[in-house]
Amino acid sequence: MDIFKKSINEINKFFKIDLRAESSIDEIFDVMHGIICYDSAYIFYVFPDSIKLEYTRNSKLKKQTYTKVDDINFNCKHKLIAELKIDNTIFAILVITRGTEFTKDETSVYSVVSDIISSLVKNIELNNIISLQVKAQQESITELNKAYKTIEKQNKKILKADKIKSDFIANISHELRTPLNSIIGFSDLLVSKCLGELTPRQLEYVNDIKVSGLHLLGMINEILDMSKIESGAMHLNRTIFSTKQAIDEVLNIIEPLALKKDIMVVRVYGDETINADYQKFQQILFNLLSNAIKYTPEKGTIKINCTRAGDELTLKIKDNGKGIDKKYQKTIFKKFEQGPDKGAINSTGLGLTITRELAALHGGKITLKSEEGKGAEFIVTLPC
Ligand SMILES: Nc1ncnc2c1ncn2[C@@H]1O[C@H](COP(=O)(O)OP(=O)(O)O)[C@@H](O)[C@H]1O
Ligand SMILES: [Mg+2]
């Protein structure tokens with residue numbers, strides 16, 4: 001058959017080759033053989049100063065680098081050479097060899113065929129690159145997954161350790177609170193003189209024991225409460241109660257601390273009713289009052305104000321102590337943050353964090369008005 005007719009019949013087979021298949025180059029060689037009969041076929045990739053034999057059909061040549069095509073002994077009398085190009089850049093060389101001479105028509109057809117092969121090989125290479133990239137991406141996804149799983153495992157471990165820590169704190173705090181309550185209780189008894197008169201010195205020392213006990217109890221309670229809040233175990237036990245009674249009780253407990261510093265406590269509150277957690281309401285007050293006493297110098301004044309307007313109760317604790325610099329007014333509400341009082345004795349840096357959480361638990365909030373050197377006012381609003 002006439003070579004042109006044959007090529008017209010065969011040439012469309014090139015376009016049916018699946019370029020993603022591993023056999024795609026073999027199929028190209030097949031289709032080419034159907035158009036121009038050859039003994040061996042070669043595709044060399046071109047590099048700046050060498051060429052490398054990449055694909056072959058019926059070849060005894062080694063797949064290695066060569067300097068140029070002309071230097072290669074193909075062991076065959078006749079050959080056709082075509083350059084494979086992308087946008088005029090030669091990227092490969094296609095060679096076919098045969099014992100008999102190639103006709104002029106075959107040479108013309110070969111140039112057309114090599115153009116088609118050029119674009120096919122280019123696409124095969126692109127496919128290879130894309131599939132390599134996909135593979136690399138999939139591998140990195142697997143790596144990510146692995147890393148994610150490790151992190152997940154670590155997190156579980158951390159959570160477990162955290163729970164052990166919380167349980168430990170809860171236990172130890174409980175064990176510490178029991179003897180402390182007797183220290184405070186018995187010193188109270190001595191101070192009350194039920195057991196007989198005390199010398200002024202004895203009274204002073206017993207008071208010191210009580211005050212230190214109260215400080216310690218406060219700190220233990222703070223640590224215990226923080227661990228309860230963090231583990232989500234802090235729940236409200238709402239009842240309707242009188243605010244006056246709740247405030248008076250707290251003042252009775254805390255007064256020795258104020259007395260010790262000769263701080264005057266001014267009470268500006270009537271009797272309101274509120275639906276809240278009695279013990280937590282007292283705790284809010286206790287925390288704010290003990291701060292006010294702690295951060296107010298001797299002979300200072302603390303004012304407690306409690307009013308109800310509609311469905312909202314406002315509790316204000318104002319002192320004329322050292323006040324709080326603007327730059328600390330937000331951070332002091334964070335866990336363990338103590339503003340300028342870092343490392344202060346009898347301090348955990350937890351009081352305000354707990355107080356804010358307790359207010360939030362009630363659906364309320366706490367705000368602060370203060371200027372350095374001009375005292376501080378903490379305002380708690382709670383829904384009634
Ligand atoms: N009434 C106050 N006057 C001045 N500074 C205060 C007052 N209340 C709290 N602060 C500041 O806020 C910080 C955090 O308070 P808190 O959380 O109760 O922790 P702690 O009292 O254990 O230090 C305190 O260390 C102190 O610097
Ligand atoms: Mg405090």
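Note that ligands are numbered from 1 as they come in the structure, with each ligand's atoms numbered from 1 the same way. Given the structure is predicted, the values throughout are model-derived calculations rather than measurements. Heads up: numbering here begins at 1 and tracks the sequence.
Around CD of Glu152, the count of heavy atoms belonging to other residues, nucleotides or ligands within 6.0 Å exceeds 12. For Lys322, the NZ atom counts as densely surrounded, since its 6.0 Å shell holds more than 12 non-hydrogen atoms of other residues, nucleotides or ligands. Other residues, nucleotides and ligands contribute at most 12 non-hydrogen atoms within 6.0 Å of the OH atom of Tyr148.
Residue Gln338 has at least one nitrogen or oxygen atom sitting less than 3.5 Å from a nitrogen or oxygen atom of ligand 1, judged on distance alone. Ligand 1 has no N or O atom lying under 3.5 Å from any N or O atom of Gly339, backbone or side chain.
The atoms of ligand 1 that sit less than 4.0 Å from any heavy atom of Thr348 are 22 (O). Contact atoms of ligand 1 toward Asp319: 1 (N), 2 (C) (distance under 4.0 Å to a heavy atom of the residue). Atoms of ligand 1 lying under 4.0 Å from at least one heavy atom of Lys294, given by number and element, are 20 (P), 21 (O), 22 (O). Applying the 4.0 Å criterion to heavy atoms of Ile324 picks out, from ligand 1, the atoms 4 (C), 5 (N), 6 (C), 7 (C), 10 (N). Listed by number with element, the atoms of ligand 1 under 4.0 angstrom from any heavy atom of Gly323 are 4 (C). Taking every non-hydrogen atom of Gly351 and a distance limit under 4.0 Å, the qualifying atoms of ligand 1 come out as 16 (P), 17 (O), 18 (O).
A donor-acceptor pair under 3.5 Å links the side-chain atoms of Ser187 to the main chain of Ile184, judged by distance alone. Using a distance-only test at 3.5 Å, with no hydrogens or angles considered, a donor-acceptor pair links the side chain of Tyr38 to the main chain of Phe29. With Glu222 contributing its side chain and Met219 its backbone, the two residues share no donor-acceptor pair below 3.5 Å.
Look at Asn291 and the Mg ion (ligand 2): an N/O/S atom of the residue is under 2.8 Å from the metal.
Here the heavy atom of the protein found nearest to atom 16 (P) of ligand 1 is Leu352 N, 3.6 Å. Regarding atom 9 (C) of ligand 1, its nearest protein heavy-atom neighbour is Asn291 ND2, 3.5 Å. Of the protein's heavy atoms, Asp341 OD2, 2.5 Å lies nearest to atom 27 (O) of ligand 1. Nearest protein heavy-atom contact of atom 7 (C) of ligand 1 is Tyr295 CD1, 3.5 Å. The shortest contact between atom 19 (O) of ligand 1 and any protein heavy atom is with Gly349 CA, 3.1 Å.
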Applying side-chain hydrogen bond (donor to acceptor under 3.5 Å, both in side chains) to Asn305 and Arg267, what does each step give before you reach the verdict? CA-CA 7 Å; Asn305 185 299; Arg267 310 168 183 219; over 6 Å; no

side-chain hydrogen bond (donor to acceptor under 3.5 Å, both in side chains) between Asp271 and Ser242, worked out: CA-CA 6 Å; Asp271 197 8; Ser242 136; 2.8 Å; yes

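Checked against a 6.0 Å centroid threshold, the rings of Tyr55 and Phe44 do not count as neighbours.
Only side-chain heavy atoms of Phe378 come within less than 4.0 Å of ligand 1; its backbone N, CA, C and O stay farther off. Contacts of Glu337 with ligand 1, taken as heavy-atom pairs under 4.0 Å, involve the backbone alone.
Minimum interatomic distance between Thr348 and Gly351 (heavy atoms only, all atoms of both residues): OG1-N, 4.3 Å.
Under a 4.0 Å N-O distance rule, the pair Glu337/Lys334 does not qualify as a salt bridge.
Of all the listed residues (Thr331, Asn287, Ile332, Thr353), Ile332 holds the heavy atom that lies closest to atom 13 (C) of ligand 1.
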